[in-house]
Number of protein chains: 2
Amino acid sequence: MLTRIMDREWAPGETVPHEEDLARSYGCARATVNRALRELADAGLVERRRKAGTRVVQRETRGATFQIPLVRVEIEKTGRAYGYRLLRRSTVLSDSDLVGRFDTSEGNPILHLQCLHLADGEPYQLENRWIDLKTVPDAADEDFEIIGPNEWLLSAIPFTHAEHVFSAAMPNGDEREHLQLDSTDAVFIIERRTWLSGNPVTYVRLSHIGSSFRLHSQDTDLG
Amino acid sequence: MLTRIMDREWAPGETVPHEEDLARSYGCARATVNRALRELADAGLVERRRKAGTRVVQRETRGATFQIPLVRVEIEKTGRAYGYRLLRRSTVLSDSDLVGRFDTSEGNPILHLQCLHLADGEPYQLENRWIDLKTVPDAADEDFEIIGPNEWLLSAIPFTHAEHVFSAAMPNGDEREHLQLDSTDAVFIIERRTWLSGNPVTYVRLSHIGSSFRLHSQDTDLG
DNA sequence: GAGTGGTCTAGACCACGTT
DNA sequence: ACGTGGTCTAGACCACTCC
């Protein structure tokens with residue numbers, strides 16, 4: 001069926017035969033056809049609606065799935081020594097600015113951390129993190145001097161929902177200072193917000209040196 | 001089962017009961033358990049291996065799935081008028097430089113296009129595209145004066161495999177000129193390579209104005 | 001109301017990897 | 001060799017949605 005779609009025998013926009021017909025023509029059970037079509041639907045190649053049937057999608061976008069690795073793993077993978085420094089740690093009450101970027105309520109206690117991740121002693125990533133202590137009270141007892149908040153959160157707190165934003169910008173003062181940038185380099189920024197069943201967990205802004213950071217993805221249509 | 005994983009009742013690294021046991025304890029058929037576990041495996045929450053059983057994954061990375069929209073759609077969605085200009089069009093033979101970025105063979109005929117996409121008359125995206133004419137001979141007959149190569153390729157050529165790279169950089173000469181940038185702004189670069197069953201189709205570099213471009217993703221652990 | 005996909009069952013056999 | 005997941009079958013009922 002994938003071949004038929006790729007060869008345009010089943011063209012975009014057209015509906016394909018019913019499950020029962022396909023099962024008969026392929027000489028298999030309807031459950032098998034159902035599973036195959038469900039996989040095609042999961043891959044975004046077809047759209048299925050009850051009563052309306054199954055139709056081949058006219059793809060307008062391409063999905064790209066990125067794995068955002070632990071910074072420590074990422075650095076060690078290239079054979080360099082990982083370094084970590086906690087720059088700032090403070091507890092604040094969320095103000096309107098933080099409420100905007102974060103999903104927290106105003107007046108919530110928030111733990112703010114600023115950390116620097118190094119590769120062979122060179123600055124690699126500047127991390128600015130805010131943790132909602134109402135959702136994650138345990139974070140207040142961690143000093144984060146040795147273990148970074150990213151790794152701590154991953155092992156301590158699951159999440160149910162995540163949102164990422166990628167962008168490029170000129171470095172701000174903090175970034176220029178800690179990443180040791182001059183004005184001839186850009187920064188690649190990853191922002192991430194996560195929730196645990198509707199409750200805000202954390203907002204983090206990860207800044208990377210533009211000239212030495214690239215994010216890769218590989219996607220296959222069914223594989 | 002998702003709840004049990006989230007609540008750490010089934011902790012990361014542990015193996016979960018066999019399908020048959022689960023089917024009995026949940027009072028359903030093994031096929032139902034199998035499908036549920038397969039969905040958890042697709043979502044990356046568990047790992048399954050024959051004979052070894054099913055174990056909860058210790059997640060080290062978080063996946064983020066981005067939909068990279070058609071630039072025309074993206075602009076029109078914000079209520080602005082889409083504009084398109086073809087800047088350059090030439091046919092070249094692939095040299096070693098192109099072979100490196102692209103997956104083509106040296107000496108293949110390549111169509112090179114440079115296009116500008118505008119929003120309300122303002123530069124929005126600079127597109128540098130190379131198309132392998134051996135895989136896509138039809139592209140040689142298109143002038144791409146009216147319709148951009150992205151839309152043409154989407155409707156004309158399917159693909160089986162894609163690779164994306166995101167990065168941030170300072171604008172180069174072309175980008176500074178065509179995107180009308182001064183030296184106080186960065187560019188957000190999307191590079192994409194696609195293949196059709198092993199054959200290289202296209203390599204494209206999309207440059208965006210850093211201060212006004214953000215790429216969003218939203219991911220849920222099972223929806 | 002009727003037709004489509006969504007889901008489940010109880011059973012079977014197979015493929016693969018560990019032992 | 002054996003135990004696990006992978007896949008399939010034939011049949012059934014249900015839920016949604018279009019007409």
Side-chain angles (χ1 to χ4, degrees), chain A residues 1-61 63 65 160 218-223, chain B residues 1-61 63 65 160-161 219-223:
Chain A
M1 296 197 290
L2 178 58
T3 313
R4 290 178 135 164
I5 292 172
M6 282 299 179
D7 293 350
R8 298 289 200 265
E9 184 186 331
W10 290 344
E14 277 181 20
T15 59
V16 314
H18 313 150
E19 291 190 349
E20 216 161 334
D21 293 349
L22 287 169
R24 231 179 302 115
S25 71
Y26 282 111
C28 68
R30 184 168 82 92
T32 309
V33 172
N34 178 276
R35 173 163 177 194
L37 286 174
R38 183 155 30 84
E39 285 184 4
L40 289 173
D42 286 345
L45 286 160
V46 301
E47 236 176 13
R48 319 198 70 195
R49 288 216 315 274
R50 286 167 152 132
K51 170 74 181 178
T54 302
R55 62 177 54 228
V56 179
V57 164
Q58 173 74 49
R59 312 178 101 195
E60 293 214 332
T61 68
T65 303
T160 51
Q218 293 202 13
D219 297 276
T220 312
D221 276 357
L222 302 176
Chain B
M1 297 196 291
L2 176 58
T3 313
R4 290 179 137 164
I5 293 171
M6 281 299 177
D7 293 348
R8 298 288 200 268
E9 184 185 328
W10 290 345
E14 279 182 18
T15 58
V16 313
H18 312 150
E19 291 191 349
E20 215 161 334
D21 294 349
L22 286 169
R24 233 180 299 114
S25 71
Y26 281 111
C28 67
R30 185 168 83 94
T32 309
V33 172
N34 178 276
R35 176 167 174 192
L37 285 174
R38 184 156 28 86
E39 286 183 4
L40 288 173
D42 287 345
L45 286 160
V46 300
E47 238 177 14
R48 320 197 70 197
R49 289 214 316 270
R50 285 168 151 130
K51 171 78 179 175
T54 302
R55 61 176 56 227
V56 179
V57 165
Q58 174 75 47
R59 309 179 100 196
E60 292 213 333
T61 67
T65 303
T160 51
H161 185 86
D219 296 275
T220 313
D221 277 355
L222 301 178

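Each chain gets a letter, A, B and so on, in the order its sequence line appears, and its residues count up from 1.
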When you measure from the side-chain N and O atoms of [X] to the phosphate of [N], is any distance below 4.0 Å, counting only OP1 and OP2?
X: A/Arg48; N: C/dG6; answer: yes
X: A/Asn34; N: C/dG6; answer: yes
X: B/Thr54; N: D/dT4; answer: no

Where do B/Glu20 and B/Arg24 land on the salt bridge (charged side-chain N to carboxylate O under 4.0 Å, His left out) test, with the steps shown first?
CA-CA 6 Å; B/Glu20 215 161 334; B/Arg24 233 180 299 114; 5.0 Å; no
Output the distance between atom CD (B/Glu39) and atom CG (B/Leu45), rounded to the nearest 0.5 Å.
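If we round to the nearest 0.5 Å, B/Glu39:CD and B/Leu45:CG are 11.5 Å apart.
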Near A/Arg4 CZ, under 6.0 Å, is it more than 12 heavy atoms from other residues, nucleotides or ligands?
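Buried by this count: over 12 neighbours within 6.0 Å.
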For [X] and [N], give me the distance from atom [atom1] to atom [atom2], rounded to whole Å.
X: A/Leu40; N: C/dG5; atom1: CG; atom2: C1'; value: 15 Å
X: B/Arg38; N: C/dG6; atom1: CZ; atom2: P; value: 14 Å
X: B/Glu47; N: D/dT4; atom1: CD; atom2: C1'; value: 15 Å
X: B/Asp42; N: D/dG5; atom1: CG; atom2: P; value: 16 Å
X: B/His18; N: C/dG17; atom1: NE2; atom2: C1'; value: 14 Å
X: B/Arg35; N: D/dT9; atom1: CZ; atom2: P; value: 17 Å
X: B/Glu20; N: D/dG3; atom1: CD; atom2: P; value: 12 Å
X: A/Leu22; N: D/dC8; atom1: CG; atom2: C1'; value: 17 Å

Which pair of non-hydrogen atoms, one from [X] and one from [Y], has the smallest distance, and what is that distance?
X: A/Trp10; Y: A/Val16; result: CE3-CG1, 3.7 Å
X: A/Glu47; Y: A/Val57; result: N-CG2, 3.7 Å
X: B/Leu22; Y: B/Met1; result: CD1-SD, 4.0 Å

Under 3.5 Å between N/O atoms: give me all the protein pairs with nucleotides 15-19 of chain D, atom names plus distance.
unit_1: D/dA15; atom_1: N3; unit_2: A/Arg50; atom_2: NE; d: 3.3
unit_1: D/dC18; atom_1: OP1; unit_2: A/Arg49; atom_2: NE; d: 3.3

With A/Arg55, which residues qualify under salt bridge (Lys or Arg N to Asp or Glu O under 4.0 Å), at least two apart?
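Counting only residues at least two positions away or on another chain, A/Arg55 forms no salt bridge (Lys or Arg N to Asp or Glu O under 4.0 Å).
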For B/Asn34 and B/Arg48: C-alpha separation, side-chain torsions, deciding distance, then whether side chain to side chain contact (heavy atoms under 4.5 Å, CB included) applies.
CA-CA 11 Å; B/Asn34 178 276; B/Arg48 320 197 70 197; 3.8 Å; yes
Using the closest heavy atom to pick a nucleotide of DNA chain D for each, name whichever of A/Cys28 or B/Glu19 lands nearer the 5' end.
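The residue mapped nearer the 5' terminus is B/Glu19.
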Taking C-beta and beyond as the side chain, do B/Ile5 and B/Leu40 meet within less than 4.5 Å on heavy atoms?
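They are in contact (side-chain heavy atoms under 4.5 Å apart), so the answer is yes.
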Set out, line by line, the N/O atom pairs under 3.5 Å between protein and nucleotides 11-13 of chain D.
unit_1: D/dA12; atom_1: N6; unit_2: A/Arg30; atom_2: NH2; d: 3.1

